[in-house]
Asks: 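Mind looking over this structure? Questions follow.
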Amino acid sequence: MTDKNNRRSQNWYGKLDKDGFIHRSWMKNQGFPDHAFDGRPIIGICNTWSELTPCNSGLRTLAEGVKRRVWEAGGFPVEFPVMSLGETQMKPTAMLFRNLLAMDVEESIRAYGIDGVVLLGGCDKTTPGQLMGAASVDLPTIVVSSGPMLNGKYKGKDIGSGTDVWKFSEDVRAGEMTLQDFMAAESGMSRSAGVCMTMGTASTMASLVEAMGLSLPTNAALPAVDARRMALAHLTGKRIVEMVDEDLRLSKVLAKANFENAILANAAVGGSTNAVVHLLALAGRAEIDLTLKDFEIGGEIPLLVNCMPSGKYLMEDFCYAGGVPAVLAQLHDKLRPAHTVMGKDISSYFDGAEIYNDDVIRPIDNPVRLAAGLRVLRGNLAPGGAIIKPSAASEHLLEHEGTAYVFENIEDMKANIDRPDLPVDENTILVLKGCGPKGYPGMPEVGNMPIPQVLVEKGVRDMVRVSDGRMSGTAFGTVVLHVTPESNAGGTLGLVKTGDRIQLSAKNGVLALLVSEAELEERRKTWLPEESVYSRGYAKLYIDHVLQADRGADLDFLVGKDTRLVTRESH
Ligand code: FES
């Protein structure tokens, strides 16, 4: 137990000198009484609410829920804003700013006199960015997620954010949906506060946070507007005060086993490929030895959650079917013993959990798909690795050899993908360069490039695509992502030419460019990276310091932690 006189916050508010006066007095202008500074745990509520991050629009309300219970439990809650990352609103890509959010979170937590922190996030990059920053300071930390939107509705059917947008867009291009219907569907898609209601990156990360024991049980799937989410926020406020008393820091919860459980859960829920870069980056902050190879343990795990984009239901259905606890219960003999923010083993998160709809959450002996976890690919085209999500791919393309058609960058792809004379067929492998962490910059979600118009018209809906970029967690297709090293960092991807043969074997984990080493050496002699248009500011810092995807695309100087107390004052 932490002695109240030894709390971190007492270095700000417990001093009977000029500095203590200044710290307390200015806080009192908000009406806080003397006893708020009597040594009770001060709980930071780190909020990514923003009107420009619509997925996090419910977080102000949830912050009030947390605060209520923090006061009730004898703590003192203080809410503070950090940078918010609105996935659908930011250019060039929210991922460029994940590390900036992590820096903001880290330095805010370190600089202020708080003893524990509640992370309020939801939209894709907000959860990993907050956790990365918090891990580098290492206070008692717990997550409350936004929760998913209610199911989308259009013409009497459920529609899912992201997944159905890609489908509708292809249908319009194929002449199978009118533009009027397309425009009408957008209002029915997003009907309430909350994150994408498919198993996109946001719900994936919330599910993994729960499987890692970093939130209370049921945090991932409760709809954003379900009153039980407010109750969960309330209970989280109680728990963070206890965690401060128990000195239950993030480093006492997080171990390799938590990451392994996240990898297993990610396979079972059909989670986003983005989880790979986020887990690798978080492990780097927490100083846990996690590599791409560790993701292979998910390879044989069956797909149990029948949610878009890998299945047909949505997060609201997933919640009512039992949510993450029901999935973990199915995986019970595969999960590793692991600590949680509750101070108990992860098994306490799924004790007695049941499935209430066995088409939405399948029992392990009747999965949606066998061996559905992400596959790690290697070969001369990706010496540092690449990944593919079989559950979102076409089975017949997972073992494929074809001729490459190369787009040198995103502008080349956009300008030419729908050319009527594009020399491609359904066996062509589309290759896109310049979309890695340094190249774009920020590793955007463009790896699932559209099917060329000439093939759409022939009814082709999927083909093998290879890039150093990422893919939205809501997207689908036979898409090879995160090719490492990226083209702009001198990777083999940069040397691929239209007409080269490429071999993909998801089963054997192979991604090979069938070109001789001697020929590649020749090409290397004349290869030059694309010149970046970013010569200043954060983007320049990012390009100069970002690590490759196999290290989570964190900035090299942010890996690890610094848990020292800052003692210098400005006054
Ligand atoms: Fe924010 Fe999907 S865009 S969660």
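As the structure is a prediction and not an experimental result, all values here were calculated from the model. Atoms within a ligand are numbered from 1 in the order they appear, just like the ligands themselves. Excluded from the calculations below are hydrogen atoms, water molecules and symmetry mates; all remaining heavy atoms, backbone and side chain alike, are included.
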Asks: Would you mind telling me which of Ile142, Leu250, Thr127 makes a side chain to side chain contact (heavy atoms under 4.5 Å, CB included) with Leu214?
Replies: Leu250
Asks: Does Val479 form a side-chain contact (heavy atoms from CB on, under 4.5 Å) with Ile388? I'd like the steps, not just the answer.
Replies: CA-CA 6 Å; Val479 186; Ile388 189 166; 5.9 Å; no
Asks: Distance under 4.0 Å, heavy atoms only, partner ligand 1: which residues pass?
Replies: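 Residues Cys55, Glu87, Thr88, Cys123, Asp124, Val195, Cys196, Ala202 each place a heavy atom under 4.0 Å from ligand 1, listed by chain and number.
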Asks: Please list, chain by chain and in numerical order, all residues satisfying side chain to side chain donor-acceptor pair (under 3.5 Å) with Arg229, sequence neighbours excluded.
Replies: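 Side chain to side chain donor-acceptor pair (under 3.5 Å) check on Arg229 returns Asn219.
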Asks: For the pair Lys167 and Glu170, find out whether any cationic side-chain nitrogen is under 4.0 Å from an anionic carboxylate oxygen.
Replies: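 So Lys167 does not pair with Glu170 through a salt bridge.
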Asks: Within 45 degrees of the axis of the six-membered ring of Phe407 and under 6.0 Å from its centre: does Lys414 put its NZ or CZ there?
Replies: no
Asks: Please report the closest heavy-atom contact between Leu374 and Pro390, naming both atoms and the distance.
Replies: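 Here Leu374 and Pro390 meet closest at CA-CD, 4.1 Å.
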